[in-house]
Amino acid sequence: QVTLVESGGGLGQPGGSSRLSCQASGSGSENEGFAWIRQAPGKDREGIGCFGRRDVRTYYVDSVKGRFTVSIDWASNTLYLQMNSLKPEDTAVYYCAADYFACRLGTFSNYREYKLWGTGTRVTVSP
């Protein structure tokens, strides 16, 4: 069973930066594709970026493209989300999620495609 544990988050300022981490552990974690999913207040969950294991590439939604970067440290099996140029609308609970098939064009932003989840970490962007 794969376990995902997020860290980071907290309060950030508009225009600032922050980095989230997700430690993946357990049997099979090396075979999963990983994603960051967020849920803003009053809104549905949305996949914002992922690293696909099948095609070994990243995907991003337009709202974070150019500002956020998903990366993986293979040695430690840790997923990162580097967030730059933060905006108040980035305020959300951020979840790390995993699924071998989900991270691909057309499905990566649909949170229902991911079978494994962390418990989430809150990011608040406010002056």
Side-chain angles (χ1 to χ4, degrees):
Q1 179 69 21
V2 175
T3 301
L4 305 173
V5 179
E6 303 96 338
S7 61
L11 181 64
Q13 292 193 336
S17 297
S18 183
R19 190 176 78 161
L20 306 181
S21 302
C22 173
Q23 176 68 59
S25 60
S27 176
S29 62
E30 68 279 4
N31 297 321
E32 299 286 358
F34 296 102
W36 288 100
I37 314 287
R38 71 182 180 186
Q39 186 167 22
K43 296 188 177 180
D44 207 355
R45 294 186 182 188
E46 175 191 35
I48 59 170
C50 67
F51 183 92
R53 190 74 70 165
R54 297 177 71 192
D55 52 7
V56 197
R57 60 158 292 176
T58 52
Y59 296 90
Y60 300 95
V61 293
D62 287 344
S63 59
V64 306
K65 198 174 294 183
R67 299 189 299 123
F68 290 9
T69 302
V70 176
S71 62
I72 293 182
D73 180 338
W74 297 111
S76 62
N77 222 20
T78 302
L79 180 75
Y80 296 100
L81 180 67
Q82 178 65 43
M83 304 183 291
N84 298 328
S85 302
L86 287 167
K87 302 177 180 181
E89 51 264 43
D90 294 321
T91 296
V93 177
Y94 285 73
Y95 299 91
C96 176
D99 188 275
Y100 178 77
F101 296 101
C103 183
R104 63 187 191 276
L105 193 64
T107 66
F108 76 94
S109 63
N110 184 350
Y111 72 92
R112 296 177 182 86
E113 295 283 337
Y114 296 88
K115 66 177 185 296
L116 298 169
W117 291 76
T119 57
T121 185
R122 186 176 301 275
V123 174
T124 302
V125 183
S126 178

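Numbers here are sequence positions counted from 1. On a predicted model such as this, the values are computed, not experimentally measured, just so you know.
Within a 6.0 Å radius of CD in Q13, other residues, nucleotides and ligands contribute 12 heavy atoms or fewer.
Between P14 and P127, the shortest heavy-atom distance links the atoms CD-N, 3.7 Å. Considering every non-hydrogen atom in both A75 and D73, the closest pair reads N-OD1, 3.0 Å. Between C103 and G52, the closest heavy-atom pair is SG-N, 3.2 Å. Minimum heavy-atom separation, G8 to L20: C-CD2, 3.7 Å. Residues S17 and N84 come closest through the heavy atom pair OG-OD1, 2.9 Å.
Here the straight-line distance linking atom OG of S18 with atom CG of L11 works out to 9.5 Å at 0.5 Å rounding. Note that the OG atom of S71 and the CG atom of L79 stand 7.0 Å from one another [nearest 0.5 Å]. To the nearest 0.5 angstrom, R67 atom CZ is 8.5 Å from I48 atom CD1. A distance of 10.0 Å separates SG in C50 from CZ in R104, rounded to the nearest 0.5 Å.
Here the side chain of Y114 pairs a donor or acceptor atom with the backbone of F108 at under 3.5 angstrom. Side-chain atoms of S21 never come within 3.5 Å of backbone atoms of S7 as a donor-acceptor pair (strictly under, hydrogens ignored). For Q82 (side chain) and T69 (main-chain N/O), no donor-acceptor pair under 3.5 Å exists by modelled atom type. Of the possible donor and acceptor atoms, none in the side chain of E6 sits under 3.5 Å from a partner among the backbone N and O of C22.
Contact annotation: the side chain of F68 approaches that of L86 to within less than 4.5 Å [non-hydrogen atoms, C-beta and beyond]. Between V70 and Y59 there is no side-chain heavy-atom pair separated by less than 4.5 Å. With contacts defined as side-chain heavy-atom distances shorter than 4.5 Å, the pair F101/T107 does not qualify. Residues V125 and M83 are not in side-chain contact: their nearest non-hydrogen atoms beyond the backbone lie 4.5 Å or more apart. Counting only heavy atoms from C-beta outward, the side chains of F34 and L4 approach each other to under 4.5 Å. Put simply, the side chain of W36 reaches to within 4.5 Å of the side chain of C96, judged on heavy atoms.
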### Task
Any chance you could lay out the side-chain contact (heavy atoms from CB on, under 4.5 Å) test for R38 and S63, step after step, and finish with the verdict?
CA-CA 12 Å; R38 71 182 180 186; S63 59; 3.6 Å; yes
### Message
Go through it in stages, so that I can follow the logic: the residues are S25 and N77, the test is side-chain contact (heavy atoms from CB on, under 4.5 Å), and I'd like the CA-CA distance, side-chain angles, deciding distance and then a yes or no.
### Response
CA-CA 7 Å; S25 60; N77 222 20; over 6 Å; no
### Message
For a side-chain contact (heavy atoms from CB on, under 4.5 Å) check, start with the C-alpha distance between L116 and Q1, then their side-chain angles and the critical distance, and finish with the verdict.
### Response
CA-CA 9 Å; L116 298 169; Q1 179 69 21; 3.5 Å; yes
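Using a cut-off of 4.0 Å between Lys/Arg side-chain N and Asp/Glu carboxylate O, K65 and D62 are scored as salt-bridged.
A donor-acceptor contact under 3.5 angstrom links the side chains of Q23 and T78, judged on distance only.
Looking at Y60, W74, Y100 one by one, the single match for ring-ring contact (aromatic ring centres under 6.0 Å, His included) with F51 turns out to be W74.
Under a hydrophobic clustering in which Ile, Leu, Val, Met, Phe, Trp and Tyr are joined whenever their side-chain heavy atoms come within less than 4.5 Å, directly or via other members, Y80 and W117 fall into different clusters.
Among residues at least two apart or in separate chains, salt bridge (Lys or Arg N to Asp or Glu O under 4.0 Å) pairs with a member in residues 92-103 are D99-K115.
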